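Chain letters run A, B, ... following the sequence lines, proteins first and then strands; every chain starts at 1. Values in this document were obtained by computation on a predicted structure and should not be read as measured data.
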Number of protein chains: 2
Amino acid sequence: MATSKKAAPAPAAQPVDTSYLQTLLGYNARRAALSIIGVFLERLAAYGLKPVDFSVMSVIHHNPGVTSRQLCASLAILPPNLVGLIQSLEARGLIERLPHPTDGRALGLHPTAKGVSLMQQAELTASELEIDASSKLSASQRQTLVQLLQKIYL
Amino acid sequence: MATSKKAAPAPAAQPVDTSYLQTLLGYNARRAALSIIGVFLERLAAYGLKPVDFSVMSVIHHNPGVTSRQLCASLAILPPNLVGLIQSLEARGLIERLPHPTDGRALGLHPTAKGVSLMQQAELTASELEIDASSKLSASQRQTLVQLLQKIYL
DNA sequence: TATTGTTATACTCTATAACTATA
DNA sequence: TATAGTTATAGAGTATAACAATA
């Protein structure tokens, strides 16, 4: 039921011209990001971390005592949307909230030993996964790509 | 009230270290995409087009008679989520659905004269906007970036 | 039996307004 | 008065299941 006719590889049947969209940086950046995120979701599911959870934990991991407000500013997350994430991470015993040394309104976010241990593994997994998700790129191409992307949003 | 102390530029107050995240391709691609999309939303609002609407219209514009199924496959949109978009574009008089020449189940999507006219302008605006949104990049850097991104998702 | 287009629906993500307590 | 954290809630985006018409 798929061995006669001409010789179409497998799915095919979509000779749609997307050449204009492919000239757009925004289109390409979004498609590439979604492609990598797809692999990320698979491999990091073992840690119970989605991309946002991972980003939040990573910043806390490398910035013990950081406040929610700082997290929001550095990751472009709106404060109301961070609340649930923080509560979830705290409930899992990955972080703890301690009084801020100088600002009585704020709370410092600290990784627990369990959180540090998890993130050490998770970050290794993430770094590996990215190479697999961009296997058509050489190491230097990957480095160039990162530098060019940062020129856009930083 | 901001002229004493040391000499902090303006907002500051966020010495958060995100150097690890900045090594990740997925993180950088997502941040860059969101940055460009932000500008896109501003400039294309005049046409009543959001990024998805624009992509759909662009594919129809360059592929008159394309089917919904082909659109979904080429833009990674799920069929149920395309229905509303198509209906909206048709209601605005930008496209029309005609019987498919060979497949009685399908409908061919065609741009109206109004749709063609709109997209000619919209695509010019989009191409200009992308240059502004990546003004720190040279033309050749922009070209390199597009090529590298396509190696990830294509 | 498989596929196109569709409906209904649920889940997630993102955004805005407003409150409290501290500064 | 302004800011950190929070609550409630609305809106947009994304996901699966299932159906009618046609292949």
What's the closest nucleotide to the side chain of [X] if the choices are [options]?
X: B:Q87; options: C:dT7, D:dT6, D:dT3; value: C:dT7
X: B:P80; options: D:dA4, D:dT16, C:dG5; value: D:dT16
X: B:R69; options: D:dG5, C:dA15, C:dT4; value: C:dT4

message: Using 0.5 Å steps for rounding, measure from the CG atom of B:L89 to the CG atom of B:D53.
response: 5.5 Å
message: Quick check on DNA chain D: between A:R30 and A:R97, whose nearest nucleotide comes earlier from the 5' end?
response: A:R97
statement: Judged by nearest nucleotide, the residue sitting upstream toward the 5' end of DNA chain D, B:A76 or A:P79, is A:P79
task: Just call it for A:L107: base, sugar-phosphate, or nothing, with non-hydrogen atoms closer than 4.0 Å on any strand.
output: sugar-phosphate
Sugar-phosphate, base or nothing in reach of A:L82, heavy atoms under 4.0 Å: nothing
task: Determine: side-chain N/O of A:Q70 to OP1/OP2 of D:dG5, distance under 4.0 Å, yes or no.
output: no
- prompt: What pair of heavy atoms forms the shortest contact from B:Y20 to A:E123, and how long is it?
  reply: OH-O, 2.8 Å
query: Between A:D103 and A:K50, which has a closest nucleotide on DNA chain C that is more 5'?
result: A:K50
statement: Between A:L78 and B:V83, whichever has its closest DNA chain C nucleotide further toward 5' is B:V83
query: Got a donor-acceptor pair under 3.5 Å from the side chain of B:N81 to the base of D:dA15?
result: yes
